[in-house]
Amino acid sequence: MSIINNAIVKAVTLMPKPIVGFFSKRYIAGDTLEDGIRTVQQLNSKGIYATLDVLGEAIQNRQEAIHYKNQAIEVLEAIDKFKLKANLSIKPTQMGLNINLDFAYEQIREIVAKAKEIQSFVRIDMEDSSTTDNTIEVYKRVFQEFKNVGIVIQAYLKRSLNDVIILNKIGTNYRLCKGIYVEPPTIALKDRQAIRDNFMRILKQMFIDGNYVGIATHDKYLIDESYKLIKELNIPKDKFEFQMLLGVREDLRDKINNDGYKIRIYVPFGKDWYAYSIRRLKENPSIARHIVKSILTFGKA
Ligand SMILES: Cc1cc2nc3c(=O)[nH]c(=O)nc-3n(C[C@H](O)[C@H](O)[C@H](O)COP(=O)(O)OP(=O)(O)OC[C@H]3O[C@@H](n4cnc5c(N)ncnc54)[C@H](O)[C@@H]3O)c2cc1C
């Protein structure tokens, strides 16, 4: 089965962009900030929180990075203006991390300062392992000055528990997820259950040391285990939330919301949707299978 899935996933990366776009719609609010705002308002009306993300990553020059920084600030202004129950997620490479660390730090600092002004929060997403050290470095520098900023830990990385033990010392607001980038087995766990076990081990460490955690998963097993851990450790509700991606497992999203736990949905929007969509489609071979099928049957109906 996984061989078939791998083949399908490879095929998706070769698909024409408009077809990938058609099947990606469920994961993306739309092209514009207005689309993002509308989606957040719909979620908020159900008591669900959001984090807005302007799509775009691995940019090549400072001008592009400054453009994305300005867009991030516009998102914060919209959160304030429309009183959205939402915060902001940003990608370090979008802010210029691969160009220059000091430059990315200045950009992220400016965004976090703006967020502080409107009493909002900025989550620094975690990208592939070539950026982990620098992302943590930028986070630590910004955190020295502002507390309304948090980072992401990927449970598939073997280093993560150690990173958490160190970051817990300064008191960190985390998002914990499995991790989505393709990483070598030398540094990343590959076995599904081993990743789950590491996820739970890390979550426990975060809680025991008193940190706030965004538990970001659609895996029913991890959600059930998190419920158990929260009860076992008697973790108060203001110390965690669940997080999911737009368009994924809305049944589980509603269950968590109905169970009385805080849930936040990652709402990406923007014109640069392609890289994000390909990652989402690779994650879900059943959608990828639809795409392949629709291509193969195209014109035969
Ligand atoms: C809010 C949020 C923020 C994230 N931020 C980051 C980040 O900063 N860095 C990073 O590396 N990763 C990030 N991720 C992605 C994460 O690392 C995983 O790749 C992703 O969440 C899938 O893992 P899972 O725990 O949901 O488990 P899985 O085992 O992958 O999924 C569990 C079930 O959820 C459903 N599902 C999962 N994905 C999809 C999909 N795309 N379409 C339809 N159904 C699906 C399927 O039913 C699947 O069986 C984030 C995830 C979330 C929810």
Side-chain angles (χ1 to χ4, degrees), residues 1-2 5 8-9 12 20 23-28 43 48-53 55 57 86-94 97 121-132 135-136 139 150-157 159-160 163 173-183 187-200 202-203 213-226 240-253 255-256 262-268 273 275-291:
M1 190 62 175
S2 73
N5 284 347
I8 288 168
V9 158
V12 166
V20 175
F23 284 92
S24 303
K25 272 190 196 139
R26 60 183 279 185
Y27 300 125
I28 293 159
L43 292 165
I48 296 171
Y49 292 71
T51 184
L52 277 157
D53 165 62
L55 289 168
E57 51 203 272
N87 59 32
L88 175 74
S89 287
I90 54 171
K91 290 209 163 26
T93 63
Q94 188 187 41
L97 191 72
F121 177 86
V122 179
R123 173 76 56 199
I124 304 175
D125 285 354
M126 190 59 84
E127 300 174 88
D128 70 82
S129 60
S130 69
T131 67
T132 312
T135 300
I136 292 176
Y139 160 72
I151 202 168
V152 178
I153 291 290
Q154 297 156 322
Y156 65 9
L157 286 189
R159 60 177 282 169
S160 285
D163 286 334
N173 182 315
Y174 293 106
R175 172 193 296 151
L176 176 61
C177 64
K178 284 183 183 172
I180 196 175
Y181 299 87
V182 180
E183 302 290 357
I187 61 162
L189 301 166
K190 293 288 169 187
D191 176 70
R192 185 175 165 76
Q193 192 56 42
I195 296 170
R196 282 171 162 173
D197 292 345
N198 204 35
F199 190 108
M200 291 312 300
I202 292 170
L203 180 62
V213 192
I215 305 166
T217 181
H218 321 90
D219 186 344
K220 179 82 169 51
Y221 170 91
L222 285 179
I223 292 168
D224 288 346
E225 289 300 304
S226 301
F240 68 92
E241 64 187 41
F242 287 90
Q243 298 184 352
M244 290 191 181
L245 301 171
L246 185 68
V248 180
R249 292 302 307 258
E250 291 177 355
D251 55 334
L252 272 181
R253 176 198 77 184
K255 183 187 179 303
I256 292 170
K262 184 167 180 178
I263 172 117
R264 187 182 300 278
I265 302 298
Y266 191 97
V267 177
W273 48 268
Y276 181 84
S277 304
I278 287 288
R279 280 205 301 278
R280 296 276 88 80
L281 291 170
K282 280 182 174 178
E283 251 184 336
N284 192 355
S286 67
I287 292 191
R289 226 177 279 133
H290 284 306
I291 301 182

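Remember, it's 1-based here, ligands and their atoms both numbered in the order they're listed. Atoms considered below: every heavy atom in the structure, side chains included; atoms not considered: hydrogens, waters and symmetry mates.
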- prompt: Between Q154 and ligand 1, is there a nitrogen or oxygen pair with a distance under 3.5 Å?
  reply: yes

Flag side-chain contact, heavy atom, 4.5 Å: R249 against D251: yes

query: Counting from 1, what ligand 1 atoms have a heavy atom of Q243 closer than 4.0 Å?
result: 1 (C), 53 (C)

message: Check this for me - ligand 1, Y266, N or O atoms closer than 3.5 angstrom, yes or no?
response: no

- request: Give the single entry among C177, P268, G247 that approaches atom 13 (C) of ligand 1 most closely by any heavy atom.
  value: C177

query: Which is closest to atom 4 (C) of ligand 1 by heavy-atom distance: R249, R175, R123?
result: R175

query: How about R192 and K178: do any of their side-chain heavy atoms sit closer than 4.5 Å?
result: yes

query: Does any non-hydrogen side-chain atom of F242 lie less than 4.5 Å from one of L252?
result: no

- prompt: Do side-chain atoms of E183 reach the backbone of S129 as a donor and acceptor pair under 3.5 angstrom?
  reply: yes

message: Treating R123 as the side-chain partner and I90 as the backbone partner, does any N or O pair qualify as donor plus acceptor under 3.5 Å?
response: no

query: Considering only heavy atoms, does R264 approach ligand 1 within less than 4.0 Å through its side chain, its backbone, both, or neither?
result: neither

message: Looking at S160 and A155, would you say the former's side chain and the latter's main chain have a donor-acceptor pair under 3.5 Å?
response: no

query: Where does V152 meet ligand 1, judged by heavy-atom distances below 4.0 Å: at the side chain, the backbone, both, or neither?
result: side chain

- request: Below 4.0 angstrom from a heavy atom of R192, which ligand 1 atoms are there? Numbered from 1 as shown, please.
  value: 29 (O)

- request: Return the set of residues passing side chain to side chain donor-acceptor pair (under 3.5 Å) with S89 (not counting sequence neighbours), or none when no residue passes.
  value: T51, R175

message: Distance under 4.0 Å to a non-hydrogen atom of Y181: what atoms of ligand 1 satisfy this?
response: 11 (O)

Atoms of ligand 1 close to D219 [distance to a heavy atom under 4.0 angstrom, numbered from 1]: 26 (O), 27 (O), 32 (C)

message: Do I215 and S226 make a side-chain contact, defined as non-hydrogen atoms from C-beta onward lying under 4.5 Å apart?
response: yes

message: With a 4.5 Å cut-off on side-chain heavy atoms, are Y266 and D125 touching?
response: yes

field: side chain to side chain donor-acceptor pair (under 3.5 Å) against E241, all qualifying residues, sequence neighbours excluded
entry: Y212, Q243, R264

- prompt: Side chain, backbone, both or neither: which part of M244 has a heavy atom under 4.0 Å from ligand 1?
  reply: backbone

query: Which bit of V248 is near ligand 1, meaning a heavy atom under 4.0 Å away: side chain, backbone, both or neither?
result: side chain

Any N or O of A216 closer than 3.5 Å to N or O of ligand 1: no

- request: Would you mind listing which atoms of ligand 1 come within a distance below 4.0 Å of any non-hydrogen atom of Y27?
  value: 40 (C), 41 (N), 42 (N), 43 (C)

field: ligand 1 atoms in contact with D125 (distance to a heavy atom under 4.0 Å)
entry: 8 (O)

field: Any side-chain donor near an acceptor of the partner, S130 and D128, under 3.5 Å
entry: yes

Identity of the nearest option to atom 28 (P) of ligand 1, non-hydrogen atoms only, from K91, M126, K178: K178

- line: Any heavy atom of K220 under 4.0 Å from ligand 1? The part involved is neither

